[in-house]
Amino acid sequence: MKSRPGPVPRRARAISLARVGVSLSSASPGFTLLELAVVIFIMGLMLSITMPYLGGFRQAELRSQARRLAGRATYMFDEAAGHKLVMRLIFDLDNNGYAAAQLDPYALQPVFAPDKSVSERPVMMPAAIRIRDVTIEGIGTVNRGTVWTNFYPEGYVDATVVHLDDQSGDVMTLEISPLTGQVAIIAGDVMPSGMPR
């Protein structure tokens, strides 16, 4: 049976290191100034490469919400013309959201009622995105309270411009064409000619 060697005393280890030419102070772990400089340089390089993409992620949420609102408006235009209803897109600027309502113009007592379909639930914007203002032809620009745009069964809609912005000040403009119902999404703060401010 072999015996295991026991722990080497600290003094004996120091003597053996001294014979090899290594002092205890130089054997301590740590980084040199050159190693730290290289690590800092690499971190700075990686940060400078990724910074432009971080802005893109921030703007991606703004673009996503603009596309979502544009899809809702296009859907409502098609529903109004296809089912001979008056659809209303209601913007709640104080609560930063929007919802849909519908009216059957041929009912005995026509009244706007919330749209109960699954895809038409009220939408609340994320905290980082807000509906800055809504401009509707004949009404003007509204930035507080509630305002709506109507989609008519004859195939037209109130001319509407919506501005969405984020916390960094980036703006997306949505313009709903009154004759075709097409929604143009434009980067930046744009007001088409002919629309009142």
Side-chain angles (χ1 to χ4, degrees), residues 13-14 17 20-78 89-100 118-136 140-147 149 157 159-177 180-197:
R13 190 172 52 206
L17 288 175
V20 178
V22 178
S23 70
L24 284 177
S25 62
S26 68
S28 64
F31 298 106
T32 65
L33 186 59
L34 180 63
E35 291 170 333
L36 287 175
V38 168
V39 169
I40 291 171
F41 173 76
I42 291 171
M43 289 174 59
L45 183 64
M46 291 177 66
L47 188 61
S48 68
I49 290 171
T50 58
M51 279 305 282
Y53 295 109
L54 294 178
F57 290 136
R58 185 187 70 244
Q59 286 184 342
E61 186 175 21
L62 181 61
R63 284 191 302 269
S64 172
Q65 291 301 322
R67 284 192 301 268
R68 184 178 188 187
L69 177 55
R72 177 70 52 99
T74 302
Y75 171 78
M76 291 178 69
F77 181 83
D78 293 341
L89 183 57
I90 304 166
F91 296 96
D92 185 355
L93 298 163
D94 293 337
N95 294 313
N96 201 31
Y98 55 91
V118 175
S119 62
E120 296 302 320
R121 290 184 306 224
V123 174
M124 300 309 294
M125 300 297 257
I129 310 294
R130 77 179 172 110
I131 304 171
R132 190 187 75 191
D133 59 54
V134 177
T135 304
I136 300 173
T141 301
V142 177
N143 56 16
R144 289 188 335 234
T146 303
V147 67
T149 186
V157 60
T160 305
V161 175
V162 180
H163 289 109
L164 303 178
D165 66 4
D166 63 11
Q167 294 172 337
S168 67
D170 292 327
V171 178
M172 296 294 275
T173 302
L174 287 85
E175 178 187 3
I176 304 174
S177 171
T180 64
Q182 296 295 313
V183 183
I185 301 174
I186 307 159
D189 189 354
V190 178
M191 183 59 74
S193 60
M195 288 294 283
R197 267 257 177 215

Show your working on side-chain contact (heavy atoms from CB on, under 4.5 Å) between Met125 and Tyr98 and close with a plain yes or no. CA-CA 8 Å; Met125 300 297 257; Tyr98 55 91; 3.9 Å; yes
Working for side-chain contact (heavy atoms from CB on, under 4.5 Å), residues Arg63 and Met172: CA-CA 7 Å; Arg63 284 191 302 269; Met172 296 294 275; 3.6 Å; yes
In this structure, are over 12 heavy atoms from other groups packed under 6.0 Å from Leu45 atom CG? yes
Grab the two heavy atoms, one from Gln167 and one from Ala127, that are nearest each other, plus how far apart they are. NE2-O, 4.0 Å
Please determine if Asp94 and Arg144 form a salt bridge, counting it only when a charged side-chain N lies under 4.0 Å from a carboxylate O. no
May I ask you to decide if Thr149's main-chain N or O and Thr160's side chain share a donor-acceptor pair within less than 3.5 Å? no
Between the side chain of Asn96 and the main-chain N/O of Ile129, is any donor-acceptor distance below 3.5 Å? yes
Show the nearest heavy-atom pair for residues Ala73 and Val183, with the distance to one decimal. CB-CG2, 3.8 Å
Taking the side chain from Thr146 and the backbone from Asp92, do they hold a donor-acceptor pair closer than 3.5 Å? no
Leu69/Ile185 under side-chain contact (heavy atoms from CB on, under 4.5 Å): CA gap, chis, key distance, verdict: CA-CA 10 Å; Leu69 177 55; Ile185 301 174; over 6 Å; no
If every non-hydrogen atom of Val162 is compared with every non-hydrogen atom of Phe91, which pair is closest and at what distance? CG2-CZ, 3.8 Å
Nearest 0.5 angstrom please: Leu62 CG to Arg67 CZ, how far? 10.0 Å
Considering only heavy atoms from C-beta outward, does the side chain of Arg132 approach that of Asp189 to under 4.5 Å? yes
Which residues satisfy the side-chain contact (heavy atoms from CB on, under 4.5 Å) test with Val142, sequence neighbours excluded? Leu93, Ile139, Val147
Can a donor-acceptor pair be found, under 3.5 Å and without considering hydrogens, that links the side chain of Thr74 to the backbone of Ala70? yes
Quick check: does any side chain N or O of Asp166 sit under 3.5 Å from a backbone N or O of Ser168, one acting as donor and the other as acceptor? yes
Show, in sequence, the C-alpha distance, side-chain angles and deciding distance for Ile131 and Leu164, and conclude whether the side-chain contact (heavy atoms from CB on, under 4.5 Å) test is met. CA-CA 5 Å; Ile131 304 171; Leu164 303 178; 3.7 Å; yes
Taking the side chain as C-beta and beyond, is there a heavy-atom pair between Thr135 and Met191 under 4.5 Å? yes
